[in-house]
Amino acid sequence: MVNNRGIVLVYSLLVTLILSTLLGSLYFSCINENLQAKQYVDSMHALWLAEAGIATVKANPGLSAASGNLGGYNYSYNVPSPQVVPGTGNVYWIINSTGMVTLPTGSSVTRTLTATIKTAGVDASKFPYAIDTTTDLVTKGSVSINGTPKQNDNTINFTNMFGVSKATMKSGANYLYTDSDFNAPVAGITWVDVASGNTLDIDGNIIGSGILVINGNVKISGTVHFNGIIYVIGTLTMTGTVITSGSVIAESSATADTTLKGNVALNFNLSDIEAALTNVQFLNKQIVAWQEQ
């Protein structure tokens, strides 16, 4: 009987040892799997943050550096200034975006994505005239046109000329006005909506540059100095002192002439046209390649 009890005790100790070993292995395995799961989650968060950095740059009107936090101070992204791909005529750009998860220990998990973005191809040669109108061009008074004028031009097409639609241009405008609140500044891309049946009367002093789109009828009776592209979707009348350097386009109805009278000097300038079109280049951006570093 004593020997049997001793054997049972030995077996019990062996079983306890084996179970303890198994439970210990299971415990450490669970801890390891939990750490691996946590590392995977942190890694995915860092990837999503890197994607957020690229999305932020793509959504902005321009193409510049970006940084920020999402979901807390320890979840961040950083995008240095994009770099143009050599030999692509400023059409293709490289973006490097790093997402970072800062851990309570002070260490961090990072992932970096590289994206190639194609921007809109702008073509200054599509603006070859000092003034280009879809109707007759009527000049009276002291009008000077330095460059070739074009009238009754049925080839004027906003999307073809700028490489983006009117809706895209408006959504990317730096300044949005109506005929009731139009004022300075006029720079970058300026879009003015004129109510149906109204005429925007610019009777003050305006100095501007870039692209000015007036969606409706306009009469310029004040003093305007503008470098870049003026595009009018309606009737254009100039009666004040107007000096432009670049190109003026009037997309008018067939029954409304474009009228210039007063002290008007329209100067064709390719450099100012090219400078104005840089505002359009980044309005239409497409990601064409994507990889992780």
Side-chain angles (χ1 to χ4, degrees), residues 61 127 129-141 143 149-264 266 272-273 276-277 279-280 283:
F127 299 84
Y129 307 110
I131 182 167
D132 189 7
T133 76
T134 56
T135 60
D136 289 337
L137 178 60
V138 178
T139 60
K140 301 177 182 179
V143 175
K150 177 72 172 180
Q151 60 181 335
N152 298 314
D153 184 1
N154 59 9
T155 67
I156 291 177
N157 182 286
F158 188 98
T159 301
N160 177 61
M161 297 173 77
F162 286 105
V164 297
S165 66
K166 293 175 181 176
T168 299
M169 179 79 82
K170 180 179 178 179
S171 66
N174 301 94
Y175 301 98
L176 287 172
Y177 299 108
T178 66
D179 56 293
S180 61
D181 63 8
F182 176 71
N183 207 329
V186 178
I189 298 175
T190 304
W191 184 283
V192 185
D193 278 322
V194 182
S196 178
N198 289 357
T199 296
L200 170 64
D201 188 2
I202 303 176
D203 56 2
N205 297 328
I206 295 290
I207 298 176
S209 62
I211 298 173
L212 171 60
V213 180
I214 300 174
N215 185 24
N217 300 330
V218 59
K219 177 182 178 182
I220 302 176
S221 58
T223 300
V224 172
H225 293 249
F226 190 87
N227 296 338
I229 300 170
I230 297 176
Y231 194 105
V232 177
I233 310 169
T235 303
L236 170 62
T237 303
M238 295 182 178
T239 63
T241 299
V242 182
I243 301 174
T244 67
S245 178
S247 183
V248 178
I249 300 96
E251 180 188 326
S252 307
S253 66
T255 58
D257 294 336
T258 297
T259 303
L260 309 179
K261 56 184 179 179
N263 298 312
V264 177
L266 306 183
D272 285 330
I273 294 171
L277 290 176
N279 295 285
V280 181
L283 292 184

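Every heavy atom of this structure was used, including side-chain atoms; hydrogens, water molecules and symmetry mates were not. Note that the coordinates shown come from a computational prediction; the quantities given were computed from them, not determined experimentally.
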> More than 12 heavy atoms of other residues, nucleotides or ligands under 6.0 Å from NZ of K261: is that the case?
Replying inline: no

> Taking atom CD1 of I207 as the centre, does the number of heavy atoms from other residues, nucleotides or ligands within less than 6.0 Å exceed 12?
Replying inline: no

Strictly by modelled atom types, are [X] and [Y] linked by a side-chain donor-acceptor pair under 3.5 Å?
| X | Y | value |
| --- | --- | --- |
| T168 | S165 | yes |
| D153 | T134 | no |
| N198 | N217 | no |

> Hey, mind stepping through I233 and I214 against side chain to side chain contact (heavy atoms under 4.5 Å, CB included) and telling me if it holds?
Replying inline: CA-CA 6 Å; I233 310 169; I214 300 174; over 6 Å; no

>> Quick check on side chain to side chain donor-acceptor pair (under 3.5 Å): which of T178, D193, D179 does N215 satisfy it with?
In response: D193

For the pair [X] (side chain) and [Y] (backbone), establish whether a donor and an acceptor sit closer than 3.5 Å, ignoring hydrogens and angles.
| X | Y | result |
| --- | --- | --- |
| S252 | G234 | yes |
| N279 | A276 | yes |
| S247 | Y129 | yes |
| Q151 | T133 | no |

Minimum side-chain heavy-atom gap [X]-[Y] below 4.5 Å:
| X | Y | answer |
| --- | --- | --- |
| T237 | V218 | no |
| L137 | I131 | yes |
| F127 | L277 | yes |
| I156 | Y231 | yes |
| V224 | I202 | yes |
| I189 | M169 | yes |
| F182 | I206 | yes |
| L200 | V192 | yes |

[atom1]/[X] to [atom2]/[Y] distance, rounded to the nearest 0.5 angstrom?
| X | Y | atom1 | atom2 | answer |
| --- | --- | --- | --- | --- |
| K170 | L283 | NZ | CG | 14.5 Å |
| L260 | T139 | CG | OG1 | 6.5 Å |
| I249 | N157 | CD1 | CG | 12.0 Å |

>> Using the rule given for side chain to side chain donor-acceptor pair (under 3.5 Å), can you reason through T258 versus D136, listing the C-alpha separation, both sets of side-chain angles and the distance that settles it, and then say yes or no?
In response: CA-CA 6 Å; T258 297; D136 289 337; over 6 Å; no

> So T159 and K166, side chain to side chain contact (heavy atoms under 4.5 Å, CB included) or not? Walk me through it.
Replying inline: CA-CA 7 Å; T159 301; K166 293 175 181 176; 5.6 Å; no

> Does the side chain to side chain contact (heavy atoms under 4.5 Å, CB included) test come out yes or no for V213 and T190, once each step is laid out?
Replying inline: CA-CA 6 Å; V213 180; T190 304; over 6 Å; no

> Can you list the steps and then say if N183 with D181 is a side chain to side chain contact (heavy atoms under 4.5 Å, CB included)?
Replying inline: CA-CA 6 Å; N183 207 329; D181 63 8; over 6 Å; no

> Once the angle between the rings of Y177 and Y175 is folded into 0 to 90°, is it parallel (under 30°), tilted (30 to 60°) or perpendicular (over 60°)?
Replying inline: parallel

